[in-house]
**Q** 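One structure coming up, written as structure tokens, with questions to follow.
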Amino acid sequence: MNNSFFLDQSTSLILIIAISLLFAFLGINHTKKFKGLNNYLTANRNIGVFSLTTSLTASALGAWILFGPASAATWGGIGAVIGYSLGTAFPLFFLIYLGKKIRNEFPKGSSLIEFMRRKFAKSLFKLILLMTIFYMFIFLCAEVTAISVLINYISGTEFWITALVVLSSTLIYTLYGGLKASIFTDNIQMIVIGVLLIISFIYITSFTGSKFSFDFVIKKNPQLLSSNYIPNYTAGLTFFIAVAATNLFHQGNWQRVYAAKNYQTLKKSLIISFLIIIPIVLFMGFSGMVAFSIDPSTRPDLGFFSLLLKEQTIFLSLFVIILGMALTISTVDTLINAISSLVILDGKAVFNLSKKTNYLNFSKYIILFLSFISFIIASKGFDILYLFLLADLFCCAFVLTVFLSFYDKSINENLAYISILIGLIGGFLLFPSPDFSKSLLVGIFMPKDLFPSLVSQSLLFLSFIVATFLPLLIIKAKKLHIS
């Protein structure tokens, strides 16, 4: 893409400030009449189908969908796209069943961590809490970085300016109105996102014509759709496991489980959100596949933009900025409120503070500190993919043990601790180095020559598989030993 695609910085800056202030105004104005901690944490447990559906969907679809699926499709093929879409949507389907159980057993709760605190002792509970906050913090950094990179790509605006505007405006209304403000603005943001995605689909399909098809991809890059292409399977499973595992620990999802006015509302909203998310992520991934087939020199993560901005018009550049801002803010406000809620709910069990401590105010100080670190990371334009993958590995090691414990009473704290720890160690041994050429086990502790090429070429996939399923084997082995 050349400079004729770019907006001037002043126009871009005016637009991002206007959008940010608009959502801040709407969020604050709407929540003036909804005060109290219950509204801040669970929106008074009175959210209907439309609001819950749009909020669940908007919160799940951050700015990452503009970059991640398109990039993954260029090397992981159709399998990566399917894995990405199912991994993003699957937790919502899973919550249909788990949400019912946790609402019945803990009707006055607000988080998954509260439920875990009742089952496990303080040491394991703290570990789960730390992992959850770490994952959401990395997610926050990724979203702010993504929108900063996007605005820089469109107009050349410096990273720190976009990061400062987005974080400041979102903090203002989210720390004021809590979940109630987040859900209300999500409703508006999802409508904007939906309309713009439909327009982009119509535009891209009409502009590219027959090129936006499986036939064209098969002609140019047949391996991306081939059943014999191994990355179609390994990449698909990698993304499904990693994305699904992390989203199951997303406190924003659990807040919305409790915010639903009743279980039927929750069930309908989760099913509708599930059905909306899958085609959106598939479309984004396939756009990257088509862009790569048209021009292999296209940057993988910019595949969607290379198709949409082909005409080099100012209108389309404005279009992309609005889409990116809506996607980012809808996710950032969810993450801010989610982290804040965990500190409020579990602060007393973790921090040895005075009994007079106001944990709502304390949570806001924590959020401001984490937001400042996110601002620094985003202002440098750092690529945090590797850190994101590391957070995914943590979630993979926890996921089966934690959620099986809901149904299997024999999983006590000691067994849970041991299985998670062994899963983490196994995953770390295979987790690839930043250049993805080796791991602790393959290439450092032991020569790469001792392993089949399939192992050395699939380290990320194998690390997630081991971290996810090794804890399950430990639990099964312990049961057999007892019996």
**Q** Assess whether side chain to side chain contact (heavy atoms under 4.5 Å, CB included) is satisfied between I65 and F304, documenting all intermediate values.
**A** CA-CA 10 Å; I65 70 165; F304 171 72; over 6 Å; no
**Q** Enumerate the side chain to side chain donor-acceptor pair (under 3.5 Å) contacts for residues 243-256, please, sequence neighbours excluded, ordered by first and then second residue.
**A** S55-R256, Y135-N247, S182-R256, D186-R256, Q251-S341, Q255-N337, R256-T334
**Q** Quick one: OG on S458 to CD1 on I230, what's the gap to the nearest 0.5 Å?
**A** 8.5 Å
**Q** Please give me the minimum heavy-atom distance between G76 and A235, naming the atom from each residue.
**A** CA-CB, 3.8 Å
**Q** Hey, mind stepping through L459 and V442 against side chain to side chain contact (heavy atoms under 4.5 Å, CB included) and telling me if it holds?
**A** CA-CA 8 Å; L459 290 174; V442 182; 4.0 Å; yes
**Q** State, yes or no, whether a side-chain contact exists between I82 and F239 at a heavy-atom distance under 4.5 Å.
**A** no
**Q** Check whether any side-chain heavy atom of S12 lies under 4.5 Å from a side-chain heavy atom of I321, and answer yes or no.
**A** yes
**Q** So does Q223 get a backbone contact from the side chain of N221, meaning a donor-acceptor N/O pair under 3.5 Å?
**A** no
**Q** Quick one: do T162 and N152 satisfy side-chain hydrogen bond (donor to acceptor under 3.5 Å, both in side chains)? Show the steps, please.
**A** CA-CA 9 Å; T162 302; N152 176 266; over 6 Å; no
**Q** Looking at residues at least two apart in the chain, or sitting in another chain, which of them share a side-chain contact (heavy atoms from CB on, under 4.5 Å) with K220?
**A** F216, S293
**Q** Just so I know, are the side chains of I133 and I366 near enough to count as touching, which here means a heavy-atom distance under 4.5 Å?
**A** no
**Q** Please table the atom pairs, donor to acceptor, closer than 3.5 Å between any side-chain atom in residues 384-394 and protein atoms at least two apart or in another chain.
**A**
residue, atom, partner, partner atom, Å
Y386, OH, P432, O, 2.6

**Q** Any sub-3.5 Å donor-acceptor pair from S379's side-chain atoms to F159's backbone N or O?
**A** no
**Q** Of all heavy-atom pairs between I96 and L270, which one has the smallest distance, and what is that distance?
**A** N-CD1, 3.6 Å
**Q** Give me the ring orientation class for Y97 and F93: parallel if the planes are under 30° apart, tilted from 30 to 60°, perpendicular past 60°.
**A** perpendicular
**Q** Extract all donor-acceptor atom pairs below 3.5 Å that involve side chains of residues 422-431 and protein atoms in other chains or at least two apart in sequence.
**A**
none

**Q** Looking at the rings of Y84 and F240, which for Trp means the six-membered one, are their centres under 6.0 Å apart?
**A** no
**Q** Are any side-chain N or O atoms of T174 and backbone N or O atoms of L171, one a donor and one an acceptor, separated by less than 3.5 Å?
**A** no
**Q** Name all residues meeting the side-chain hydrogen bond (donor to acceptor under 3.5 Å, both in side chains) criterion together with T57; count only those two or more places apart in sequence or in a different chain, and write none if there are none.
**A** S273
**Q** Kindly indicate whether the side chain of T265, heavy atoms from C-beta on, has any atom under 4.5 Å from the side chain of F50.
**A** no
**Q** Please check: side-chain N/O of S340 versus main-chain N/O of I336, any donor-acceptor pairing under 3.5 Å?
**A** no
**Q** Report the residues that fulfil side-chain contact (heavy atoms from CB on, under 4.5 Å) with S51, sequence neighbours left out, ordered by chain and then residue number.
**A** I47, I183, N187
**Q** Are the side chain of S169 and the backbone of V165 linked by a donor-acceptor contact shorter than 3.5 Å?
**A** yes
**Q** Just checking, is any N or O donor in the side chain of S213 or D215 under 3.5 Å from an acceptor N or O on the other one?
**A** no
**Q** Does anything in residues 281-302 form a ring pair (Phe, Tyr, Trp, His ring centres under 6.0 Å)? List the pairs, not counting sequence neighbours.
**A** F201-F283, F212-F286, F214-F286
**Q** So V320 and I154, do their side chains get closer than 4.5 Å, heavy atoms only?
**A** yes
**Q** Distance from I198 atom CD1 to I193 atom CD1, nearest 0.5 Å?
**A** 12.0 Å
**Q** Please determine whether side chain to side chain contact (heavy atoms under 4.5 Å, CB included) holds for the pair L307 and F207, giving the CA-CA distance in whole Å, both sets of side-chain angles, and the decisive distance to 0.1 Å.
**A** CA-CA 8 Å; L307 296 180; F207 179 79; over 6 Å; no
**Q** For the residue pair G324 and A63, what are the closest heavy atoms and their distance?
**A** O-CB, 4.5 Å
**Q** Kindly indicate, with the supporting measurements, whether the criterion side chain to side chain contact (heavy atoms under 4.5 Å, CB included) is fulfilled by F305 and T298.
**A** CA-CA 10 Å; F305 305 110; T298 299; over 6 Å; no
**Q** Can you measure from CD (E143) to OG1 (T328) and round to the nearest 0.5 angstrom?
**A** 5.5 Å
**Q** With sequence neighbours left out, what residues match S269 under side-chain hydrogen bond (donor to acceptor under 3.5 Å, both in side chains)?
**A** T53
**Q** With rounding to the nearest 0.5 angstrom, report the CD1 to CD1 distance, I474 to I418.
**A** 8.5 Å
**Q** Do I420 and P471 touch side chain to side chain, with heavy atoms closer than 4.5 Å?
**A** no
**Q** Among all residues two or more places apart in sequence or in another chain, which pass the side-chain contact (heavy atoms from CB on, under 4.5 Å) test with I19?
**A** L15, F23, I322, M325, I329
**Q** Tell me, please, which residues at least two apart from D435 pass side-chain contact (heavy atoms from CB on, under 4.5 Å).
**A** S433, S437, K438
**Q** With ring pair (Phe, Tyr, Trp, His ring centres under 6.0 Å) as the criterion, how do F406 and F115 come out once you've worked through the C-alpha distance, each side chain's angles and the decisive distance to 0.1 Å?
**A** CA-CA 9 Å; F406 281 29; F115 192 85; 4.6 Å; yes
**Q** Taking the side chain from R103 and the backbone from V257, do they hold a donor-acceptor pair closer than 3.5 Å?
**A** yes
**Q** Any idea which heavy atoms bring T401 and S419 closest together, and the distance?
**A** OG1-OG, 3.0 Å
**Q** Indicate the atoms forming the closest heavy-atom contact of S155 with T157, along with that distance.
**A** OG-OG1, 2.7 Å
**Q** Flag yes if more than 12 heavy atoms outside F369 fall under 6.0 Å of its CZ atom; otherwise flag no.
**A** no
**Q** Using a 4.5 Å cut-off on heavy atoms from C-beta on, say whether the side chain of S306 contacts that of D295.
**A** no
**Q** Can you confirm whether F372 is buried at CZ, in the sense that more than 12 heavy atoms of other residues, nucleotides or ligands lie under 6.0 Å from that atom?
**A** no
**Q** Which residue pairs pass the side chain to side chain donor-acceptor pair (under 3.5 Å) test when at least one of the two sits in residues 225-245, sequence neighbours left out?
**A** none
**Q** Do W75 and L224 have side-chain heavy atoms sitting under 4.5 Å apart?
**A** no
**Q** With sequence neighbours left out, write down each residue that passes side-chain hydrogen bond (donor to acceptor under 3.5 Å, both in side chains) with S210, or none if nothing qualifies.
**A** none
**Q** Going from CG on L327 to CD1 on I280, what distance comes out if it is rounded to the nearest 0.5 angstrom?
**A** 8.5 Å
**Q** Between F403 and F249, is the ring centre distance below 6.0 Å?
**A** yes
**Q** Rounded to the nearest 0.5 Å, what's the gap from NZ on K101 to CD on E105? Could you check?
**A** 3.5 Å
**Q** At their closest point, which heavy atom of V81 faces which heavy atom of M289, and how far apart are they?
**A** CG2-CE, 3.9 Å
